[in-house]
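Keep in mind that the numbers below use all heavy atoms, side chains included, and drop hydrogens, waters and symmetry copies.
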Amino acid sequence: MRIRVPLIYKRIGNYFGGLFFAVCCFFGSFLMFSSGNIDVGKSPSIESFVVEKGMTTNKNSIGGRGSMNSDFFYFKIKGLDEKLTVYRASVDYGFLEDHINVNDKLKVYYKKNPSDDSKTNLEVYQIEKEDKILYSIDEYQNKERTGAYIAFFGGFLMIGLAIYQDKKYWK
């Protein structure tokens, strides 16, 4: 026995689904825009010596069908029990690898990790060495803004897809 769903319910479900995903995209965009507005002077900072540095790879699952590897530059500061991690979309970490060495004294502005279970912190805002900025807040903010714009336009794309899917029912 086959149950037929009336056309009006299909159309309503289509719009609610599209609207739900659009709202999720807009909310994510809002969160990324707001997390990018940071005053470095008011954020927590630590000034200490580097005890470890290197590159690490994070394996991300893509829809359960594959994986994508992301490279990160990390370093550990004396007195902080988490690794501070920097991600660059260009995957060009040569400058940081050349200028950050073990036993160098750095001043790092970052967001404190709220949970104790994660030992890596991707919320590094700025890195300074001898009053020279090695990684600036501008680079962090540009990364956040890019994600926010993608999510914002993704919300409009979801609305457009919902209308496009409903168009086949128009007469």
Which heavy atom of [X] sits nearest to which heavy atom of [Y], and what is that distance?
X	Y	result
G18	M158	O-CB, 3.9 Å
A151	G28	CB-C, 4.5 Å
D71	Y87	O-CD1, 3.6 Å

E123 vs Y110, test: side-chain contact (heavy atoms from CB on, under 4.5 Å). Steps then yes/no. CA-CA 6 Å; E123 302 288 330; Y110 68 103; 5.7 Å; no

Does the pair V51 and I77 meet the rule for a side-chain contact (heavy atoms from CB on, under 4.5 Å), with working shown? CA-CA 6 Å; V51 293; I77 297 280; over 6 Å; no

Verify same cluster id: [X], [Y] (apolar side-chain graph, 4.5 Å):
X	Y	result
F72	V86	yes
L84	V40	yes
F49	F75	no
F16	V5	yes

Just one of K53, K129, K78 clears the salt bridge (charged side-chain N to carboxylate O under 4.0 Å, His left out) bar with D104, so which one? K129

Centre-to-centre under 6.0 Å for F156 and F26, is that the case here? yes

Mind telling me whether F33 and Y149 have parallel, tilted or perpendicular rings, with 30° and 60° as the class edges? perpendicular

Under a 4.0 Å N-O cut-off, is there an ion pair linking E139 with R88? yes

Decide side-chain contact (heavy atoms from CB on, under 4.5 Å) for F152 and M32; before the verdict, give the C-alpha distance in whole Å, the side-chain angles of both, and the deciding distance to 0.1 Å. CA-CA 10 Å; F152 185 73; M32 291 188 88; over 6 Å; no

Flag side-chain contact, heavy atom, 4.5 Å: [X] against [Y]:
X	Y	value
F95	D98	no
L106	I100	yes
Q126	I133	yes
Y15	D166	yes

Under 3.5 Å: donor-acceptor pair, side chain of N14, backbone of A162: yes

For Y164, which fellow cluster members are found when Ile, Leu, Val, Met, Phe, Trp and Tyr are connected by side-chain heavy-atom distances below 4.5 angstrom, either directly or through intermediates? none

Y135: what forms a ring-ring contact (aromatic ring centres under 6.0 Å, His included) with it, not counting sequence neighbours? none

Any side-chain donor near an acceptor of the partner, Y125 and Q141, under 3.5 Å: no

Rounded to the nearest 0.5 Å, how far does CG of N142 lie from CG of D138? 6.5 Å

Reported CG-to-CD1 distance for the pair L134 and I127, which is rounded to 0.5 angstrom: 6.5 Å

Would V124 and V108 satisfy side-chain contact (heavy atoms from CB on, under 4.5 Å), going step by step from the backbone distance to the final call? CA-CA 7 Å; V124 175; V108 181; 4.0 Å; yes

Contacts satisfying side chain to side chain donor-acceptor pair (under 3.5 Å) that involve residues 25-49 (not counting sequence neighbours) are S35-E144

If you draw the axis of the six-membered ring of Y74, does the NZ or CZ of K83 fall within 45° of it and under 6.0 Å from the ring centre? yes

